[in-house]
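In what follows, a single structure is set out as structure tokens and then discussed.
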Amino acid sequence: MGFKEYAIKKAASLILTVYIIITLNFFLFRIMPGNPIDMVINPRMSLEYRDLMMKRYGLDKPLWEQYFFYVRELFRGNLGISFWKNEPVINLIIQRIPNTLILLSSSFVISAVAGVLLGALSGWKRGSKLDLFITASSLTTYTIPSFWTGLLLLLIFGYKLGMFPLGGTISPGTPPIPLLRVKDYLWHMVLPSITLFFYYTGGYVILMRSSMLDVLAEDFIVTAWAKGLREFKIMREHAMRNALLPVVTVIAINLGWLLSGVVEIEVVFSWPGLGKLIYDAIMQRDYPLLQGAFFMIAISVVLANFMADIVYGILDPRIRKGVS
Amino acid sequence: MTKRLIQISSVLSILLLSVFVSASLAAPRPVRQEIPYGGAFVVGWSTSLSTLTMGQEMCWSLMGCCILSTVYEELAFMGPPPDYDVYVGRLALNWTVSEDLKTWTFYLDPKAKWHDGEPVTAEDVAFTFKYLCNPETGSWVWCAADTNASKIEVIDEHTVRVTMYQPIAGEVPFWWVPILPKHIWEPYKDNMLEYENTEAIGCGPYMLDEFKPGEYIRLKAFEYYHLGRPYVDYVVLKTYGSEDALVMALLKGEIDMIEPFCLSPSGAMTIIKSHTPNVTVRTDPGDMMYWVSINLKMSGSIGDVLRNLEFRKALAHAIDKAKMCEVAFMGFADPIDVPVYKEMDYYNPNITKYAYDPDLAKSILDDLGYVDTDGDGIRELPDGTPLELKLLIVSTWPDHVKMATSLKEDFEAVGIKLDVVPVDESTYWEIVFTPPEESEYHLVLFGESVGPVIGFPLEAALSGGYGNTAGYENPEYDELYNQFVSEPDRNKRIEICHKMLKILSDDLPFIYLVNPNALTAYRTDKFEGFVFGIGGASTWYSRWTYWNIHLKPKKPAAPAKPAWMTWLPWIIVAVVVVAAVVSVAYFARRAGGGA
């Protein structure tokens, strides 16, 4: 099977997975205990008003009709109306996505690059003091809960030293001058970015190191040494490239989770992203908003997996050339 | 001799006068202290607003309520503490009411303007009542008995008359509804929720300056506010994701106050223990009142037990409310016997009270024949049924969980097993509004944000009333309640309320537990003018702090004087002293020479 066939097979699998997600997402909130509409209907309301609300939210229709309407509107980009905020869910999500993407993508890219390089170095220098230091640090930052790290940074640098703000993305009253706003935004982003960097990098270092150790035990590495290639060339072109494969898969999968935000970080730093929106929606039992957010996250994870499969196919010549 | 006396007296007079004049010149003149204008009053919140539409979030969230009373304005509002039931005119200067309490005529302030400069008229008021408070065009969140008008008339440019379906006593109809500008909202009159309202044009003391959804709202003083420009230039409502960040922000000085609802007992304790200068925590009676409803409609032998007044008395005596205040609220709560604040005239000091007395509780249970026959620590009924009660609570409400833990200990100490059943919030409400005869729960932990609105908790005991999870039915009480809500005379309402509370305390369908304190943490170094009362410095029925807050006047520095002015008094004194001494010496010598 060549790469083309491989890609088509993966695409078909993607479509089926998306359909299953849509269906599960619809039924999930309807099988939960309690009636979601009870969260928004005032118990003092008369039956007449209650019926009006049921009709407004389409809850008076049979289940199959609600499902059909839900799928149809989904393809039109309509994720429903938030119970609590009376706003289209898609608008609320779009409002928060930029904050999440900017925060996470910057931390993500830096931590992925740093994680791969440090992991490769650590694996290459296995047993050395450098390896010990990198491994110990990575294990520590990876196992410490990110919200704890965040709170500690907030306490020291935000409160005690007063170097950074204690929350938000912009200081109220910042003049509407783009340069000043960007500067203020970046200043607010420092502490949450550092927290995420610590958290993500640790994981990638450990994974990359482990993968490097596996690759370094392979015969082709011994052959490369025997051919007299320089150390740096062996590490970069032979060891790292092969060790990268499983790490790329994990990075791609994590990329899919970017949209979900990191709830605890966004809560600790009062960062108004998608994760915080989901947290608030859970507290308010805002089912349409939760449904819409879950759908977006699920789709992004599935798409990211698909991209990972394609990138894997490109990186691994066995797949690209159809070699079984 | 006389001549000499006159001479000496003259010298002394000149001397005294010069000292007086010098002192006057040297002392700084007193300066009259005025309330300064300026500053940005920043309040920290743990909740946020994502939208400015006039829907549920705006009406039901505390931040939304804050916007309704700062950017927008109501016709009237509850008076400042302690005169909550004396409504104060805001947009309406005054009003008249018919004898049957159904027809209200409001006279608007002709000076009132919208933030875009247009005048506020009776048309705006009529439009708001007609379209916003209509569930079909507006939102059902604005629909209640006191906003249900059968007729709305515009009498003239600044006079509007509403005729209510029901008599309204003890309050002003529509007092909590923000008046909207017709010239902006009219295109959306068929579906008011469609309008995003991004500019939020109101007629309140503050204008919307900047809105960052989920982050902060910045309000700017409205220069042409009809009741006088607010003292501060800006009010900022800033959202923090966690209480830790809120507390740090206050201690650091990034915010000036934490909205009382957003501060928990543990957060308050952290602030108190930090001993940070210029930061203080004040406690006031809180909004919430908690009680246990006893299901009086339950069937079976346990149902008979619950319907026995003596048994309910035993339950009441078994509960250690002081311990509950400590365990559940770290001491920041007060035990209550009825759902009315002791500070209010509506409170009846002569109600029947049930002091914590586990021995008395045990004695009552013994007398009823409920004894522990098998030695497992749990009493049984005469037919052998264990005395076990199910208590319904919400699993995600920490207050519920802690209070239930305390109740469980208390009941088991007297031999009653309490099975606490935590459910999610949605399920809780579904069960609560199931008719009690169909419910499997013997007890329900219930709470309501009552504030000084007396009618709310009293309605819970009304037959079929909101919150009547006990299924309590008492025709005498119902009759008194109907009299209460339609009685215009305040003193008579107080008298009726006293009777109602006495009935409740005698019949004991509910065991009233605690009233958690409102905790206001604020800084004292920059602003003053906080208005404290039930609910703390700010709550949904009291925004007086936002209307009154101002910078602390700075102590005036002594006016700078030129250097010569500083020395002049002393020069004058010196000259006068020297002149006096010379004069006395001269006259003395002359008198001695003449002798």
Side-chain angles (χ1 to χ4, degrees), chain A residues 32-46 48-50 52-53 56 81-87 91-92 95-96 99 147 151 154-155 158-160 162 165-174 176 265-273 276-277 279-280 282-285 287, chain B residues 40 42 44 46-51 53-58 60-61 135-136 139-141 143-145 193 196 209-210 212-218 234 236-242 244-249 251-255 396 423-433 459 466-467:
Chain A
M32 283 169 65
N35 186 349
I37 203 69
D38 282 338
M39 292 308 302
V40 293
I41 286 188
N42 188 333
R44 298 169 198 258
M45 196 190 282
S46 68
E48 180 192 311
Y49 289 167
R50 188 186 171 99
L52 186 69
M53 288 302 297
R56 182 175 278 189
I81 304 287
S82 160
F83 277 167
W84 182 247
K85 301 174 195 301
N86 287 118
E87 284 266 310
N91 289 357
L92 292 168
Q95 199 181 71
R96 300 290 185 104
N99 285 332
F147 67 85
L151 276 172
L154 203 65
L155 182 67
Y159 173 59
K160 293 284 184 192
L166 291 168
T169 59
I170 287 278
S171 304
T174 304
I265 299 297
E266 291 187 6
V267 169
V268 166
F269 291 100
S270 313
W271 191 264
K276 181 77 170 54
L277 184 71
Y279 172 78
D280 291 339
I282 292 170
M283 300 307 283
Q284 287 152 6
R285 307 294 185 278
Y287 291 117
Chain B
V42 186
S46 60
T47 58
S48 65
L49 271 186
S50 294
T51 173
T53 55
M54 283 292 166
Q56 189 167 310
E57 194 181 33
M58 186 65 84
W60 280 9
S61 71
E136 292 184 17
S139 173
W140 54 270
V141 297
C143 303
L193 294 179
E196 288 182 6
D209 185 51
E210 193 182 356
K212 288 277 281 175
E215 215 175 323
Y216 67 81
I217 301 176
R218 191 164 181 248
Y234 295 98
V236 180
L237 312 178
K238 196 164 184 320
T239 299
Y240 291 84
S242 66
D244 297 306
L246 255 181
V247 168
M248 280 193 264
L251 298 178
K252 184 185 169 188
E254 200 170 283
I255 60 176
T396 51
V423 299
D424 70 280
E425 197 175 333
S426 178
T427 306
Y428 174 85
W429 288 115
E430 200 173 337
I431 295 169
V432 160
F433 295 106
E459 191 187 347
Y466 170 76

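Sequence lines set the chain letters: A, B, ... in the order given, protein chains first and strands last, and positions in each chain run from 1. The figures here come from the full heavy-atom set of this structure, side chains too, leaving out hydrogens, waters and symmetry mates.
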* Donor-acceptor pair, side chain of B/Glu215 and main chain of A/Pro272, under 3.5 angstrom -> no
* Of the non-hydrogen atoms in A/Ser270 and B/Gly241, which two are nearest, and what is the gap between them? -> OG-N, 2.6 Å
* Below 4.5 Å from any heavy atom of chain B, which atoms of A/Ser82 appear? Answer side chain, backbone, both or neither. => neither
* **Between B/Thr51, B/Val42, B/Val236, the one whose heavy-atom pairs under 4.5 Å with chain A are most numerous** => B/Thr51
* Pick from A/Asn99, A/Leu151, A/Ile170, A/Leu277: which one has the most heavy-atom pairs with chain B under 4.5 Å? -> A/Ile170
* Kindly give the heavy-atom pair with the smallest separation between B/Ala245 and A/Val268, and that separation in Å. => CB-O, 4.2 Å
* Could you state the interatomic distance from CZ (A/Phe147) to OG (B/Ser242), rounded to the nearest 0.5 Å? -> 11.5 Å
* To do: Below 4.5 Å from any heavy atom of chain A, which atoms of B/Ile217 appear? Answer side chain, backbone, both or neither.
  => neither
* **Interface moiety of A/Leu92 toward chain B, non-hydrogen atoms closer than 4.5 Å** => side chain
* Between B/Pro213 and A/Gln95, what is the shortest heavy-atom contact and its length? -> CB-OE1, 3.4 Å
* To do: Quick one: list whatever passes side chain to side chain donor-acceptor pair (under 3.5 Å) with B/Tyr216, sequence neighbours left out.
  => B/Glu210
* Measure across A/Leu166 and B/Glu254 and return the closest heavy-atom pair with its distance rounded to 0.1 Å. => N-OE1, 3.6 Å
* Would you call A/Leu154 and B/Asp244 a side-chain contact if the rule is heavy atoms closer than 4.5 Å? -> no
* Heavy-atom side-chain contact between B/Lys252 and A/Lys160 under 4.5 Å -> no
* To the nearest 0.5 Å, tell me how far B/Ser50 OG sits from A/Arg96 CZ. => 4.5 Å
* Structure fact -> To the nearest 0.5 Å, atom OG of A/Ser171 lies from atom CZ of B/Arg218 at 10.5 Å
* To do: Answer with side chain, backbone, both or neither: which region of A/Val267 has an atom nearer than 4.5 Å to a non-hydrogen atom of chain B?
  => both
* Rounded to the nearest 0.5 Å, how far does OG1 of A/Thr169 lie from NZ of B/Lys212? -> 4.0 Å
* Please flag which part of A/Leu155 lies under 4.5 Å from any non-hydrogen atom of chain B: side chain, backbone, both or neither. => both
* Structure fact -> One option among A/Gly167, A/Gly162, A/Gly158, A/Pro172 has the most heavy-atom pairs under 4.5 Å with chain B, and it is A/Pro172
